[in-house]
Undergrad: 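One structure follows; several queries about it will come next.
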Amino acid sequence: MKRIVILGAGTAGTIMANRLQRLYKRQVATGDVAITVVDQDDRHIYQPGLLMLPFGMYEPEDLVRPRQRQVSDAVEYIQAGIDRVDAATDTVRLDDGRTLSYDVCIVATGTQVAPEETEGLLGPGWRKNAFDFYTLEGATALRDALRDFEGGRLVINIVEMPIKCPVAPLEFAFLADWYFTQRGIRDKVEIAYATPLDGAFTKPMASRELGHLLEEKGVQMVTEFNAGSVDTEAGILRSWDEREERFDLLVTIPLHKGADFVGRSPGLGDGMGFVLTDPHTLQAKVKANVFAIGDATNVPASKAGSVAHFQAEVLTGNVQRLLRGEALDPGFDGHANCFIETGFGKALLIDFNYETEPLPGRFPLPGVGPMPLLKESRLNHLGKLAFRWAYWNVLLPGHDIPGISAQLSLKGKVLPATLTAAH
Amino acid sequence: MTDLLTLDLDRDAEGFLQQPEQWNREIGIAIARECGIAEMTARHWQVCEFMRNTYLANGAAPSIRTLGKESGVTVKELYQLFPKGPAKLAAKIGGIPKPHGCI
């Protein structure tokens, strides 16, 4: 019997469990393949909703479902903490002392925020005037604080890259502008966006477009700002090179790190707990029968659900190839696809990979769309809202999305050379 | 003294070497001077070499946080050694392409 152990039942782990179960349906029924998923709790959070929750667009209970119910019944679900992966002996040790042996191990334990890594951030003002929104508790506390906010300086700060959903802090700025406008107090609120990057985003064309939008919406951009410490009582955020940003309300995107067990597993991860992973085959560097997917890896792709979805297609094939003794497919190209909420019922859509930056054009059908790329539209916003249904009903069950392939398509995109020629 | 202009180096618009194999220590010293670092101390080299070796081994440059945890130089000292942008400056002097703060 072949044992496949998946660590983590978030977006990536759930998709993998369901895809592999479908691939090996017969073998699972006959007991020739066993698929096990391990997670420390039974609370699956729809993370894109955490951006909307602070603005009252969702209630906390709208975003949570049991993890186990998103995974096929034919898959064994173990609720336990993970102590370590011992690649040398092909085993996973759980916190409760149990040991699981595997033929293939897939690490899908994502990333977690680490506010304790920034001096002073967890001080007296934590979740009073300094908030994160990447956790359900943080987003809910921030909602209450925004409701009571009557004016002052709101600072949004990314402590350090990489972060989950790298566009979410920008979306937060856009939505805050909209929210305070609707409440009729936009003129009493100053919004600043402090980022360690040298622009709004990492890729040039999108960075320009999003930078313009911030300017239009009256958001001050502070670039190359590397947060060193926070004084929540005085309301001051300081950079390592001793610049200061004064705040009445701080929305922080804390440092991100991998799951704690990665650090305890010999050879598995880097210093931040991200799994050392081949960017194209998704095989872990530690050993041939270990793979990683989603936010847990160190590959230079966005940490986003769409990426996990595209990776899953390649990884499912590679698990099968490994078990058959065949060469792996280096098929993952870094493909990411994200809606960017820009407020006032509109959104942008971007589609990119390792090599190709987000470009303007139409998606998914060339010339037809219906969705425009890198351009605000109402349809993109509706797409983002409809995504919540698709997440639970199409994405997690591990189905393909019609018309959208794992690899980036250049059809329908306007290439930089064409753009230059047109100007 | 190495004159960068007399060498046929592949550098981007901001001065980052595009081919790490073109680099040597003399070139590193010349780039440092260009960036306003008059003297490269042992501490400077410790960071630049860590940066370069990590890039050559993993294909990606370490972040400031990783530098602070693993290079043996604290984040505070990194900013004293390389004012403004330690990761970017150390990458430039170490002769590797601009780190992209991966997304």
Side-chain angles (χ1 to χ4, degrees), chain A residues 114 117-119 158-167 195-199 201-204 206-207 223-229 239-243 254-257 263 270-274 276-279 285 297-304 307 334 336 338 350 352-354 357-358, chain B residues 11-16 18 20 35-37 43-44 46-94 96-103:
Chain A
E117 292 278 345
T118 301
E119 188 191 328
I158 299 170
V159 170
E160 191 169 321
M161 300 298 285
I163 58 169
K164 267 193 268 207
C165 190
V167 294
T195 168
L197 299 174
D198 56 11
F201 198 57
T202 49
K203 315 264 175 174
S207 185
T223 55
E224 296 183 89
F225 188 94
N226 286 285
S229 64
S239 67
W240 286 105
D241 57 358
E242 286 163 10
R243 284 182 285 161
L255 180 80
H256 280 46
K257 57 184 191 184
D270 65 13
M272 300 309 297
F274 294 113
L276 298 165
T277 310
D278 182 281
K285 299 265 164 83
T297 77
N298 75 329
V299 308
S302 283
K303 296 197 180 297
V307 173
C338 316
I350 55 174
F352 58 104
N353 71 5
Y354 288 140
E357 62 165 316
Chain B
R11 301 175 81 188
D12 72 2
E14 294 178 68
F16 288 87
Q18 299 303 290
C35 300
I37 296 172
R43 297 297 274 172
H44 286 99
Q46 188 173 334
V47 179
C48 291
E49 276 166 10
F50 178 84
M51 193 83 183
R52 181 177 171 83
N53 293 338
T54 310
Y55 175 83
L56 295 177
N58 298 343
S63 66
I64 289 180
R65 190 74 50 159
T66 307
L67 281 176
K69 275 187 202 280
E70 297 179 6
S71 72
V73 175
T74 64
V75 177
K76 202 173 179 65
E77 194 186 343
L78 282 171
Y79 275 92
Q80 289 158 358
L81 294 169
F82 306 96
K84 283 276 162 195
K88 270 163 85 171
L89 272 179
K92 199 186 271 189
I93 297 166
I96 60 171
K98 184 181 177 183
H100 284 295
C102 10
I103 57 158

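Remember, it's a predicted structure, so these values are computed and weren't measured experimentally. In what follows, chains are A, B, ... by sequence order, proteins preceding strands, each numbered from 1.
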Undergrad: Count the heavy atoms belonging to other residues, nucleotides or ligands that lie under 6.0 Å from CD of A/Glu242, then report whether that count exceeds 12.
TA: no
Undergrad: Please answer whether the main-chain N or O of B/Ser63 pairs with a side-chain N or O of A/Glu160 as donor and acceptor at a distance below 3.5 Å.
TA: no
Undergrad: Can you tell me how far apart CG (A/Asp198) and CD (B/Glu14) are? Round to the nearest 0.5 Å.
TA: 6.5 Å
Undergrad: For B/Glu70 and A/Asp270: C-alpha separation, side-chain torsions, deciding distance, then whether side-chain contact (heavy atoms from CB on, under 4.5 Å) applies.
TA: CA-CA 10 Å; B/Glu70 297 179 6; A/Asp270 65 13; 5.6 Å; no
Undergrad: Output, in order, the C-alpha distance, side-chain angles, deciding distance and verdict of side-chain contact (heavy atoms from CB on, under 4.5 Å) for B/Lys88 and A/Glu224.
TA: CA-CA 10 Å; B/Lys88 270 163 85 171; A/Glu224 296 183 89; 3.0 Å; yes
Undergrad: Show the numbers, then the answer: is there a salt bridge (charged side-chain N to carboxylate O under 4.0 Å, His left out) between B/Lys69 and A/Glu117?
TA: CA-CA 11 Å; B/Lys69 275 187 202 280; A/Glu117 292 278 345; 3.3 Å; yes
Undergrad: Could you give me the CA-CA distance, side-chain angles and deciding distance for A/Asn226 and B/Tyr79, then say whether side-chain contact (heavy atoms from CB on, under 4.5 Å) is met?
TA: CA-CA 10 Å; A/Asn226 286 285; B/Tyr79 275 92; 2.9 Å; yes
Undergrad: Rounded to the nearest 0.5 Å, how far apart are CH2 of A/Trp240 and CD of B/Gln80?
TA: 10.5 Å
